[in-house]
Amino acid sequence: MEDFLQLATARQSDRAYDKTRPVEPEKLERILEAAWLSPSACNAQPWKFVVITDPELSVKVGKATAGLGMNKFAQDAPVHILIVEESMNVTSFLGAKIKDKYFPLIDIGIAAAHITLAAENEGLGSCILGWFDEKEIKRLTGIPSRKRLLLDITIGYPAKEKRKKMRKPKEKVISYNKY
(Lines give C-alpha, C1' and ligand atoms only; values in the text may rest on other atoms or scores of the structure.)
Protein backbone atom coordinates (compact mmCIF):
# COMPACT_ATOMS: atom_id res chain seq x y z
CA MET A 1 0.00 0.00 0.00
CA GLU A 2 2.86 2.35 0.81
CA ASP A 3 4.11 2.14 -2.79
CA PHE A 4 0.70 3.06 -4.20
CA LEU A 5 0.35 6.05 -1.88
CA GLN A 6 3.82 7.23 -2.94
CA LEU A 7 2.71 6.90 -6.58
CA ALA A 8 -0.54 8.81 -5.92
CA THR A 9 1.40 11.52 -4.08
CA ALA A 10 3.97 11.85 -6.88
CA ARG A 11 1.45 11.97 -9.75
CA GLN A 12 0.67 15.51 -10.88
CA SER A 13 -0.57 17.32 -13.96
CA ASP A 14 2.62 18.08 -15.87
CA ARG A 15 2.37 21.10 -18.15
CA ALA A 16 5.91 21.15 -19.57
CA TYR A 17 7.63 18.34 -21.47
CA ASP A 18 11.18 17.66 -22.58
CA LYS A 19 10.90 17.87 -26.38
CA THR A 20 14.22 16.07 -26.82
CA ARG A 21 13.16 12.84 -25.06
CA PRO A 22 10.76 10.53 -26.87
CA VAL A 23 8.64 8.07 -24.90
CA GLU A 24 9.96 4.54 -25.24
CA PRO A 25 7.46 2.19 -26.97
CA GLU A 26 7.69 -0.41 -24.17
CA LYS A 27 6.72 2.20 -21.56
CA LEU A 28 3.81 3.36 -23.70
CA GLU A 29 2.65 -0.24 -24.14
CA ARG A 30 2.57 -0.76 -20.36
CA ILE A 31 0.55 2.46 -19.95
CA LEU A 32 -1.92 1.29 -22.60
CA GLU A 33 -2.12 -2.13 -20.93
CA ALA A 34 -3.19 -0.37 -17.70
CA ALA A 35 -5.87 1.54 -19.67
CA TRP A 36 -7.05 -1.67 -21.36
CA LEU A 37 -7.36 -3.37 -17.94
CA SER A 38 -9.48 -0.55 -16.46
CA PRO A 39 -12.79 -1.61 -14.92
CA SER A 40 -16.07 -0.41 -16.40
CA ALA A 41 -19.76 -0.74 -15.55
CA CYS A 42 -21.03 -4.13 -16.75
CA ASN A 43 -17.63 -4.59 -18.42
CA ALA A 44 -18.88 -2.36 -21.26
CA GLN A 45 -15.40 -0.91 -21.97
CA PRO A 46 -17.00 2.15 -23.65
CA TRP A 47 -13.77 3.58 -25.02
CA LYS A 48 -11.26 3.60 -27.80
CA PHE A 49 -7.75 4.87 -27.15
CA VAL A 50 -6.29 6.68 -30.16
CA VAL A 51 -2.56 6.96 -29.50
CA ILE A 52 -0.68 9.75 -31.24
CA THR A 53 3.08 9.13 -31.45
CA ASP A 54 3.98 10.60 -34.86
CA PRO A 55 5.98 13.76 -34.01
CA GLU A 56 4.41 15.93 -36.71
CA LEU A 57 0.87 14.82 -35.90
CA SER A 58 1.54 15.19 -32.18
CA VAL A 59 2.40 18.87 -32.66
CA LYS A 60 -0.77 19.40 -34.75
CA VAL A 61 -2.96 17.69 -32.13
CA GLY A 62 -1.19 19.76 -29.47
CA LYS A 63 -1.96 22.97 -31.37
CA ALA A 64 -5.63 21.91 -31.63
CA THR A 65 -5.59 21.43 -27.86
CA ALA A 66 -4.27 24.94 -27.25
CA GLY A 67 -6.91 27.62 -27.34
CA LEU A 68 -7.69 30.95 -25.66
CA GLY A 69 -4.18 30.86 -24.21
CA MET A 70 -4.75 27.49 -22.56
CA ASN A 71 -2.78 24.26 -22.95
CA LYS A 72 0.04 25.70 -25.07
CA PHE A 73 2.35 23.08 -23.57
CA ALA A 74 0.37 20.31 -25.33
CA GLN A 75 2.21 20.86 -28.60
CA ASP A 76 5.46 19.83 -26.83
CA ALA A 77 4.03 16.51 -25.62
CA PRO A 78 5.50 13.61 -27.61
CA VAL A 79 2.42 11.43 -27.00
CA HIS A 80 -1.31 12.15 -26.89
CA ILE A 81 -3.76 9.46 -25.80
CA LEU A 82 -7.16 10.49 -27.10
CA ILE A 83 -10.10 8.82 -25.40
CA VAL A 84 -13.14 8.41 -27.62
CA GLU A 85 -16.49 7.37 -26.14
CA GLU A 86 -17.81 4.15 -27.63
CA SER A 87 -21.21 2.53 -27.15
CA MET A 88 -22.06 0.99 -23.83
CA ASN A 89 -23.43 -2.54 -23.75
CA VAL A 90 -27.09 -3.34 -23.07
CA THR A 91 -26.73 -3.97 -19.33
CA SER A 92 -24.75 -0.75 -18.82
CA PHE A 93 -27.32 1.14 -20.92
CA LEU A 94 -30.24 -0.25 -18.87
CA GLY A 95 -28.45 0.47 -15.59
CA ALA A 96 -27.76 4.02 -16.73
CA LYS A 97 -31.45 4.56 -17.57
CA ILE A 98 -32.71 3.01 -14.33
CA LYS A 99 -30.22 4.79 -12.06
CA ASP A 100 -29.97 8.03 -14.08
CA LYS A 101 -26.16 7.79 -14.16
CA TYR A 102 -24.17 7.98 -17.37
CA PHE A 103 -21.66 5.20 -16.73
CA PRO A 104 -19.40 5.74 -19.77
CA LEU A 105 -18.19 9.09 -18.39
CA ILE A 106 -17.37 7.44 -15.06
CA ASP A 107 -15.66 4.53 -16.82
CA ILE A 108 -13.55 6.84 -18.99
CA GLY A 109 -12.53 8.80 -15.89
CA ILE A 110 -11.34 5.56 -14.30
CA ALA A 111 -9.37 4.68 -17.45
CA ALA A 112 -7.80 8.15 -17.44
CA ALA A 113 -6.71 7.64 -13.83
CA HIS A 114 -5.14 4.30 -14.77
CA ILE A 115 -3.28 5.95 -17.65
CA THR A 116 -1.89 8.81 -15.57
CA LEU A 117 -0.84 6.59 -12.65
CA ALA A 118 0.79 4.11 -15.05
CA ALA A 119 2.65 7.00 -16.71
CA GLU A 120 3.91 8.19 -13.33
CA ASN A 121 5.01 4.65 -12.53
CA GLU A 122 7.08 4.70 -15.75
CA GLY A 123 8.76 7.98 -14.77
CA LEU A 124 6.65 9.97 -17.22
CA GLY A 125 4.49 13.03 -16.77
CA SER A 126 0.89 13.39 -17.90
CA CYS A 127 -1.97 15.86 -18.02
CA ILE A 128 -5.68 15.13 -18.60
CA LEU A 129 -7.15 17.73 -20.93
CA GLY A 130 -10.80 18.30 -21.78
CA TRP A 131 -10.37 21.67 -23.50
CA PHE A 132 -9.56 21.27 -27.21
CA ASP A 133 -10.85 21.78 -30.73
CA GLU A 134 -12.71 18.49 -31.07
CA LYS A 135 -13.55 18.92 -34.77
CA GLU A 136 -9.94 19.68 -35.69
CA ILE A 137 -8.54 16.72 -33.76
CA LYS A 138 -11.14 14.44 -35.35
CA ARG A 139 -10.16 15.76 -38.77
CA LEU A 140 -6.45 15.20 -38.06
CA THR A 141 -6.92 11.67 -36.72
CA GLY A 142 -9.85 10.25 -38.66
CA ILE A 143 -12.11 9.92 -35.62
CA PRO A 144 -15.67 9.74 -37.02
CA SER A 145 -17.61 12.99 -36.59
CA ARG A 146 -20.49 11.20 -34.83
CA LYS A 147 -18.15 9.99 -32.03
CA ARG A 148 -17.41 12.02 -28.89
CA LEU A 149 -13.77 12.75 -28.19
CA LEU A 150 -13.80 13.27 -24.44
CA LEU A 151 -10.19 13.57 -23.31
CA ASP A 152 -6.68 14.18 -24.55
CA ILE A 153 -4.05 12.86 -22.14
CA THR A 154 -0.60 14.23 -22.84
CA ILE A 155 2.36 12.01 -21.97
CA GLY A 156 6.07 12.83 -21.92
CA TYR A 157 9.12 13.37 -19.77
CA PRO A 158 8.47 16.28 -17.40
CA ALA A 159 10.58 19.39 -17.98
CA LYS A 160 9.90 20.86 -14.53
CA GLU A 161 10.39 19.73 -10.95
CA LYS A 162 7.51 18.31 -8.92
CA ARG A 163 5.31 20.82 -7.13
CA LYS A 164 4.03 20.50 -3.58
CA LYS A 165 0.58 18.95 -3.76
CA MET A 166 -2.18 21.22 -2.44
CA ARG A 167 -5.26 19.53 -1.02
CA LYS A 168 -8.18 20.53 1.17
CA PRO A 169 -7.91 19.23 4.74
CA LYS A 170 -8.98 15.56 4.93
CA GLU A 171 -11.76 16.32 7.40
CA LYS A 172 -13.39 18.61 4.80
CA VAL A 173 -13.60 15.88 2.15
CA ILE A 174 -13.84 12.63 4.15
CA SER A 175 -16.53 11.62 6.63
CA TYR A 176 -17.51 8.29 8.14
CA ASN A 177 -21.02 6.89 8.40
CA LYS A 178 -22.82 10.17 7.68
CA TYR A 179 -22.40 13.26 5.53
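Quantities reported herein were computed from a predicted structural model and do not represent experimental measurements. Values below: every heavy atom of this structure, side chains too, minus hydrogens, waters and symmetry copies.
Smallest separation of non-hydrogen atoms from Tyr17 and Ile155: CE2-C, 4.1 Å. What you find for Thr65 and Phe132 is that their closest heavy atoms are CA-CB, 3.7 Å. Between Val59 and Gln75, the shortest heavy-atom contact is CG2-O, 3.6 Å. A pairwise comparison of heavy atoms in Phe73 and Leu129 identifies CZ-CD2, 3.9 Å as the closest pair.
Cluster annotation: Ile52 is not connected to Phe49 through the hydrophobic network of ILVMFWY side chains, with a link wherever side-chain heavy atoms come within less than 4.5 Å. Following chains of ILVMFWY side-chain contacts shorter than 4.5 Å, one can reach Ile115 starting from Ile108, so the two form part of one hydrophobic cluster. Cluster annotation: Leu150 is not connected to Val84 through the hydrophobic network of ILVMFWY side chains, with a link wherever side-chain heavy atoms come within less than 4.5 Å. The cluster map of Ile, Leu, Val, Met, Phe, Trp and Tyr, joined by side-chain heavy atoms under 4.5 Å apart, puts Ile137 and Leu57 in the same cluster. Neither Leu82 nor Val51 shares a network with the other; the hydrophobic side chains, linked directly or stepwise wherever heavy atoms of I, L, V, M, F, W or Y lie under 4.5 Å apart, form separate groups for each.
Taking CD1 of Ile128 as the start and OG of Ser13 as the end, the distance is 6.5 Å to the nearest 0.5 Å. Atoms CG and CG, on Leu105 and Leu151 in that order, are 9.0 Å from each other to the nearest 0.5 Å. Taking OG of Ser126 as the start and CD1 of Ile153 as the end, the distance is 7.0 Å to the nearest 0.5 Å. Note that the OG1 atom of Thr116 and the CG atom of Asn121 stand 11.5 Å from one another [nearest 0.5 Å]. One finds the CG atom of Leu7 at 8.5 Å from the CG atom of Asp3 (value rounded to the nearest 0.5 Å). Atoms CG and CD1, on Asp107 and Ile83 in that order, are 11.0 Å from each other to the nearest 0.5 Å.
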side-chain contact (heavy atoms from CB on, under 4.5 Å) between Ile81 and Val79, worked out: CA-CA 7 Å; Ile81 300 175; Val79 175; 4.2 Å; yes

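In this structure, Lys135 has no salt bridge (Lys or Arg N to Asp or Glu O under 4.0 Å) partners at least two apart in sequence or on a different chain.
Under the salt bridge (Lys or Arg N to Asp or Glu O under 4.0 Å) criterion, the residue pairs touching residues 139-167 are Glu85-Arg148, Glu86-Lys147, Glu120-Lys162, Glu136-Arg139, with sequence neighbours excluded. Pairs engaging residues 8-22 under the salt bridge (Lys or Arg N to Asp or Glu O under 4.0 Å) rule: Lys19-Asp76 [sequence neighbours left out]. Each salt bridge (Lys or Arg N to Asp or Glu O under 4.0 Å) pair with one or both residues in residues 63-72, not counting sequence neighbours, would appear here, but there are none.
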With a cut-off of 3.5 Å and sequence neighbours excluded, list every side-chain donor-acceptor pair involving residues 169-179.
{"unit_1": "Ser175", "atom_1": "OG", "unit_2": "Lys178", "atom_2": "O", "d": "2.7"}
{"unit_1": "Ser175", "atom_1": "OG", "unit_2": "Tyr179", "atom_2": "O", "d": "3.1"}

Less than 3.5 Å apart, which donor and acceptor atoms pair up between the side chains of residues 29-46 and the rest of the protein, not counting sequence neighbours?
{"unit_1": "Arg30", "atom_1": "NE", "unit_2": "Glu122", "atom_2": "OE1", "d": "3.4"}
{"unit_1": "Arg30", "atom_1": "NE", "unit_2": "Glu122", "atom_2": "OE2", "d": "2.6"}
{"unit_1": "Arg30", "atom_1": "NH2", "unit_2": "Glu122", "atom_2": "OE1", "d": "2.9"}
{"unit_1": "Ser38", "atom_1": "OG", "unit_2": "Ala34", "atom_2": "O", "d": "3.3"}
{"unit_1": "Ser38", "atom_1": "OG", "unit_2": "Ala35", "atom_2": "O", "d": "2.9"}
{"unit_1": "Ser40", "atom_1": "OG", "unit_2": "Ala44", "atom_2": "N", "d": "3.2"}
{"unit_1": "Ser40", "atom_1": "OG", "unit_2": "Gln45", "atom_2": "N", "d": "2.9"}
{"unit_1": "Asn43", "atom_1": "OD1", "unit_2": "Gln45", "atom_2": "NE2", "d": "3.1"}
{"unit_1": "Gln45", "atom_1": "NE2", "unit_2": "Asn43", "atom_2": "O", "d": "3.4"}

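Looking at heavy atoms from C-beta onward, Glu24 lies out of side-chain contact with Leu28 at the 4.5 angstrom threshold.
In this structure, Ser58 contributes its side chain and Asp54 its backbone to no donor-acceptor pair below 3.5 Å. In this structure a side-chain-to-backbone donor-acceptor pair under 3.5 Å is present from Lys138 to Ser145.
More than 12 heavy atoms of other residues, nucleotides or ligands shown are found within 6.0 angstrom of CD on Glu26.
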